[in-house]
Amino acid sequence: MERIRERQAVVADALVAASSRGLPASALQLGPVPASPVPASKVPPSTVSSDLIEQLRVLEEMKSAISGLQARVAVAFDLAQRAEQAEAGVPASERGQGVGAQIALARLESPNRGSRLLGLAKALVTEMPRTLAALQSGQLNEWRATLLVRETACLSVEDRCAVDEELAADTGTFAGKGDKAIIAAAKAAACRRDPRSVARRASRAAAERTVSLRPAPDTMTYLTALLPVAQGVAAYAALTRAADSARASGDTGPGGDTGSRGDVRGRGQVMADTLVERITGTPGGFSGINLDLVMTDRTLFQGDSEPARLKGYGIVPAEWGRELLGLGQAVSPAPAVSPGPAVQDQELTVWLRRLYTAPASGELLTMDSKARLFPTRLRRFIEIRDDTCRTPYCDAPIRHIDHVLPWRSGGTTTVENGAGLCEACNHTKESPGWNNKTVNRDGQGNHTLEVSTPTGHTYQSKAPPLPGHRPSRT
Ligand SMILES: [Zn+2]
């Protein structure tokens, strides 16, 4: 036990020392070291096992304490950045830009999550001191502190402080309580303080309606819609009705899960088919919509097993790619062009844009432009190479093709000088102190981008490996 306490003290000291450069001392207080829960007189059955459990517990408490410390450091960083921006003449309304993005890079998180972590830190440090104290002393972990912040987000500063005081998380209120109990306690306290705000918040939730796509196993995918309850119920009822009437009329549909014709479709299958038909406006599928499938010529023509990449989904098996193209067997190779001519498969009426990787370098075949704006083909090309936003840890879809070295600074409209960015990252890159450049240090042809932040830190982002090429280690 003593050994573990010593180790904890050493790590805590090192942590404080490492973080203390230029930061206020008040930002760096770790919570108190908890007393030993094992009575000294009682000899545990196995000292080794008991020690290991004790270590796990101590480490867990340290994680929470570190999270609390990170919250304080994030708030201090936000203040420092705002002060520097004010000095540089940035108007008050624009100060604080890029702070969340820098926190994200330092914490290996997406920019979106970086901004939320900063919001959490500010709420804890300025409005919920008792929740912060509970985090620092290991009584709440970062997620549970986030729940308390989230459930009180609609309240005024005064009401939120009052709820924090009422819940008194640092006195052990939530010992042994799970996520649901914590949410319920915070919600009840918030409702008591300001029932109208809580109701207004529920009505605002409708603004967050959205549709998202994420991969499911076995080349399936989840298409999810977050909808206000009435619309969701109505959409589901419409699909149910379609399924009922199809089955009542003895539906034999375009095939069940085996894809063979003539099978009676299940209720769920009819609903899924109807959903696709109504959204795409095409009976039986999705003709006229491009699917970007990146695969090697060996996969396409020679039955190679190297998997392909489908934009918006991810890795798909080679056989699946060939079947979608209607190329079950090897056919004579066409010249490697990119993006190539579209192939229409008679039976599936699926249009695919053929895109090959150059066999020698593994890079998608390139093309340049003298224009300032990226022409459509070059855009598509970079979108397929990058797959998602190129900021490290950001998985958001690409919305802009950015000149890595800006056009006004002599940057060219080339594959090399282009990078796909999401809306938020494109905005951040335009803020003062942010610079990107293309570096290809691995010599493997994978496009590598270096992001420099206002503090002078640099982060690298490599385009995902193309089919047929293993990711290189750097
Ligand atoms: Zn992004």
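Bear in mind the structure is a predicted one, so any value in this text is a computation, not a measurement. Remember, it's 1-based here, ligands and their atoms both numbered in the order they're listed.
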Are Q136 and R72 close enough that a side-chain donor and a side-chain acceptor fall under 3.5 Å?
yes

Indicate whether any N or O donor in one side chain lies under 3.5 Å from an N or O acceptor in the other, for T388 and D395.
no

Sort by chain and number the protein N/O/S atoms that are closer than 2.8 Å to the Zn ion (ligand 1), and list them.
C389 SG, C394 SG, C422 SG, C425 SG

Answer yes or no: is there a side-chain heavy-atom contact under 4.5 Å between L226 and R209?
no

With the side chain counted from C-beta on, respond yes when L449 and V404 share a heavy-atom pair under 4.5 Å apart, and no when they do not.
yes

Go through the steps to decide whether R385 and R390 satisfy the test side-chain contact (heavy atoms from CB on, under 4.5 Å), and finish with yes or no.
CA-CA 10 Å; R385 179 197 67 193; R390 283 295 295 279; 3.8 Å; yes

Heavy-atom count check: over 12 atoms from other residues, nucleotides or ligands less than 6.0 Å from D179 CG?
yes

